[in-house]
Undergrad: 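The following block contains the structure, expressed as structure tokens.
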Amino acid sequence: MKPAPFAYLRPSTLEEALTALAGEQGAKVLAGGQSLVPLLSMRLAAPSMLIDINALPDLGHITCDAAGVRVGALARHAEVLASAEAASAQPLLALALSHVAHPTIRNRGTTVGSLVHADAAAEMPMVLRLLEGSVDVASVRGRRTIPAEELFAGPLESTLAHDEVAVEAFFPALPPGGGVAFQEIARRHGDYALVGVAALVETDGGEVTRARLGYVSVSDVPVVVDVTDALDDPAAKALADLEPADDIHATADYRAHLVRVLTPRVLADAVHHARQRTAQRNHA
Ligand code: FAD
């Protein structure tokens, strides 16, 4: 199928992009196009105008400091994955990004685009939510920061207003004593996950003081479950909060089974990671 007709604008400043977006109710932002273009081609979306942000300056950055990693709207998945500084500040980024699609898609698709596309089957929205990160957005009305817990409104629905462009995502760094892990089951490596699970733990003296788990493809939105008080059976606690559903890829029962299998494994990996980091720091 071919897309429905649309106007195309490639602004060279953010102000120009924001003004155009505010003036055209049916306009959509085009970033890497790896989600939007298939939707256009299948006529599941028919915007009146595409505002291509790829020529905007100063949005391709990946900057790291003690607080965390800041990813600009034009940083590609592949660039974030290749950043040794980002992996060192927050190892969960690379762990999850290596499962996002295939290399050609990662070369073009943007991490920020994936966040605002808000697909519960995508890895990075869950990662942002688990890490308690945020997204900075701009419009002709000014700028604001949306915390991850307020970003995901429903299936493929973020809380960005129509006239807002996401300019940067912030992923907090992994603190000392922290550990992370990620695993997913997909039909082929790089396909969307049937179920994906990430764990973020904090430890003190080797003991777990906080444990949270994030789930991909098990509910309509990325879900995070606190299992600090349920370390003996974290999967049961998680399943009480999740809504596995049938679709063409897997049954609800199979998804629930994957949650039961992956949850304790990923949690154990994260605890091991935390203890390993602590041992390395004590040794240094
Ligand atoms: P686009 O496609 O350009 O845009 C997506 C949506 O976000 C559009 O509605 C657009 O208007 C909006 N948008 C984008 N950027 C902004 C912005 N800065 N401000 C405001 N709105 C914006 N993803 C995964 O996570 N895991 C996978 O396993 C996976 N597998 C894939 C397999 C295939 C075959 C394909 C084609 C894609 C796959 N993807 C997967 C999706 C891929 O990661 C996309 O790159 C990503 O979801 C969207 O990023 P993008 O830059 O391409 O956004």
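One-based numbering, in listed order, for ligands and for the atoms of each.
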Undergrad: Tell me whether Ile51 shares a hydrophobic cluster with Leu40, the cluster being built from Ile, Leu, Val, Met, Phe, Trp, Tyr side chains joined at under 4.5 Å.
TA: no
Undergrad: So if I count the atoms of ligand 1 from 1 in the order they appear, which ones are less than 4.0 Å from some heavy atom of Val100?
TA: 23 (N), 24 (C), 25 (O), 26 (N), 43 (O)
Undergrad: Please report the shortest heavy-atom distance between Val100 and Glu123, naming the atom on each side.
TA: CG2-OE1, 3.4 Å
Undergrad: Under a 4.0 angstrom heavy-atom cut-off, which atoms of ligand 1 come close to His99?
TA: 28 (O)
Undergrad: Among all protein heavy atoms, pick out the one at the shortest distance from atom 27 (C) of ligand 1; state its residue, atom name and that distance to 0.1 Å.
TA: Ala101 N, 3.3 Å
Undergrad: Under 4.0 Å from any heavy atom of Ile53, which atoms of ligand 1 are there?
TA: 18 (N)
Undergrad: Treat each ILVMFWY residue as a node, draw an edge where side-chain heavy atoms are under 4.5 Å apart, and state whether Ile146 and Val167 are in one component.
TA: no
Undergrad: Do Thr228 and Asp226 pair up side chain to side chain, a donor and an acceptor below 3.5 Å, judged on atom types alone?
TA: yes
Undergrad: Can you list the atoms of ligand 1 that are under 4.0 Å from a heavy atom of Asp191?
TA: 28 (O)
Undergrad: Against heavy atoms of Ala31, which atoms of ligand 1 measure under 4.0 Å?
TA: 3 (O), 14 (C), 15 (N), 51 (O)
Undergrad: Of all the non-hydrogen atoms in the protein, which one sits nearest to atom 11 (O) of ligand 1, and at what distance?
TA: Val29 O, 2.5 Å
Undergrad: Which residue and non-hydrogen atom of the protein lie closest to atom 52 (O) of ligand 1, and at what distance in Å?
TA: Gln34 N, 2.7 Å
Undergrad: Considering only protein heavy atoms, which is closest to atom 50 (P) of ligand 1, and at what distance to one decimal place?
TA: Gly32 N, 3.5 Å
Undergrad: Checking His99 against Gln183: is there a side-chain donor and acceptor pair closer than 3.5 Å?
TA: no
Undergrad: Checking a contact table here: which protein heavy atom is nearest atom 2 (O) of ligand 1, and how many Å away?
TA: Leu36 N, 2.7 Å
Undergrad: Regarding Thr209 and Asp204, is there a side-chain donor-to-acceptor distance under 3.5 Å anywhere?
TA: no
Undergrad: Which protein non-hydrogen atom lies closest to atom 9 (O) of ligand 1, naming both residue and atom, and how far is it?
TA: Lys28 NZ, 3.4 Å
Undergrad: Which of the atoms in ligand 1, numbered in the order shown and given with their element, are less than 4.0 Å from a heavy-atom of Gly109?
TA: 45 (O), 51 (O), 52 (O)
Undergrad: Report, in ascending order of atom number, the atoms of ligand 1 lying under 4.0 Å from any heavy atom of Gly33.
TA: 1 (P), 2 (O), 3 (O), 50 (P), 52 (O), 53 (O)
